[in-house]
Amino acid sequence: GENVEQHPSTLSVQEGDSAVIKCTYSDSASNYFPWYKQELGKGPQLIIDIRSNVGEKKDQRIAVTLNKTAKHFSLHITETQPEDSAVYFCAASLGTDSSYKLIFGSGTRLLVRP
Amino acid sequence: DAGITQSPRHKVTETGTPVTLRCHQTENHRYMYWYRQDPGHGLRLIHYSYGVKDTDKGEVSDGYSVSRSKTEDFLLTLESATSSQTSVYFCAISRGTAGTEQFFGPGTRLTVL
């Protein structure tokens with residue numbers, strides 16, 4: 001079945017620097033890749049997603065890139081701010097179903113130091 | 001918050017007792033999901049529903065059942081709770097096509113003693 005690996009598990013950056021989180025997936029049929037941000041005590045919040053027919057997508061300071069050949073995708077946060085501190089999860093859809101069931105990575109705890 | 005509420009928000013119960021968690025949505029979405037979140041495992045899909053009375057299993061469905069008699073409500077039942085089911089449970093709805101753009105509720109923290 002699908003497996004999603006996420007690295008690093010923790011990431012500490014200085015405010016204003018960039019942060020990159022990487023995920024790899026195993027099912028070449030996966031075609032939908034969302035990213036979630038989770039703050040302490042809250043549910044995950046969808047921040048950006050990408051489909052397999054697109055190589056890159058940007059939304060202000062956040063971007064996601066997808067390399068289908070290598071089966072990996074990455075989240076890029078530029079000009080990080082303390083409020084970006086949270087746990088981030090990547091996910092990949094199971095590609096064998098007509099409905100999208102998501103397999104999540106194990107999460108990256110991002111700390112932005114003021 | 002995508003109009004999703006979960007109840008209860010916290011529950012402590014004993015091994016062997018039945019437990020039902022409720023997810024309620026106000027936006028009339030077709031797809032609803034139940035996940036559990038445990039340290040080191042991210043989120044794992046338990047069951048999902050693609051319409052009233054239409055449900056299917058996820059990757060960790062053993063020990064859980066679900067029901068959806070109305071579009072707005074999706075219930076998760078632990079028939080006989082075990083300590084391994086201590087977890088945080090999240091409900092989600094899909095605002096996009098067939099499971100894309102999933103938005104999550106605030107979660108229910110369940111402790112089984």
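First the proteins, then the strands, lettered A, B, ... as listed; each starts at 1. None of these values were measured; they are calculated from a predicted model. Computed over heavy atoms, backbone and side chain alike; hydrogens, waters and symmetry mates excluded.
- Heavy atoms of B:Glu59 lying under 4.5 Å from chain A belong exclusively to its side chain.
- In terms of heavy atoms, B:Phe90 sits closest to A:Gln38 at CZ-NE2, 3.5 Å.
- Contact check for B:Arg44 versus A:Ile103: no side-chain heavy atoms found under the 4.5 Å cut-off.
- Note: the hydrophobic cluster containing B:Tyr50 also contains B:Met32 (ILVMFWY, side chain heavy atoms under 4.5 Å, direct or indirect links).
- At a 4.5 Å heavy-atom cutoff, the contact between A:Pro44 and chain B is made by backbone and side-chain atoms alike.
- Rounded to the nearest 0.5 angstrom, B:Leu43 CG and A:Ser106 OG are separated by 11.0 Å.
- Residues A:Leu102 and B:Tyr35 share a closest heavy-atom pair of CB-OH, 4.0 Å.
- The two atoms that bring A:Lys101 and B:Tyr48 nearest to each other are CD-CE2, 3.2 Å, heavy atoms only.
- Cluster annotation: A:Ile48 is not connected to A:Val20 through the hydrophobic network of ILVMFWY side chains, with a link wherever side-chain heavy atoms come within less than 4.5 Å.
- Annotation: B:Leu113, atom CG; neighbour count of heavy atoms from other residues, nucleotides and ligands within 6.0 Å is above 12.
- A:Arg109 CZ: 12 or fewer foreign heavy atoms inside a 6.0 Å radius.
- Linking ILVMFWY residues whenever their side-chain heavy atoms come closer than 4.5 Å, directly or via other members, places B:Val60 and B:Trp34 in the same cluster.
- Contact residues of residues 54-91 of chain A toward chain B are A:Phe89 (heavy-atom distance under 4.5 Å).
- With a threshold of 4.5 angstrom between heavy atoms, B:Leu45 approaches chain A through side-chain atoms but not through N, CA, C or O.
- Annotation for B:Glu14: atom CD does not count as buried by contact number, only 12 or fewer foreign heavy atoms lying within 6.0 Å.
- No side-chain donor-acceptor contact under 3.5 Å links A:Tyr36 to the backbone of B:Phe104.
- For the residue pair B:Glu101 and A:Leu46, the shortest heavy atom distance occurs at CA-CD2, 3.8 Å.
- Under the 4.5 Å side-chain contact rule for hydrophobic residues, A:Ile47 and A:Ile21 share a cluster.
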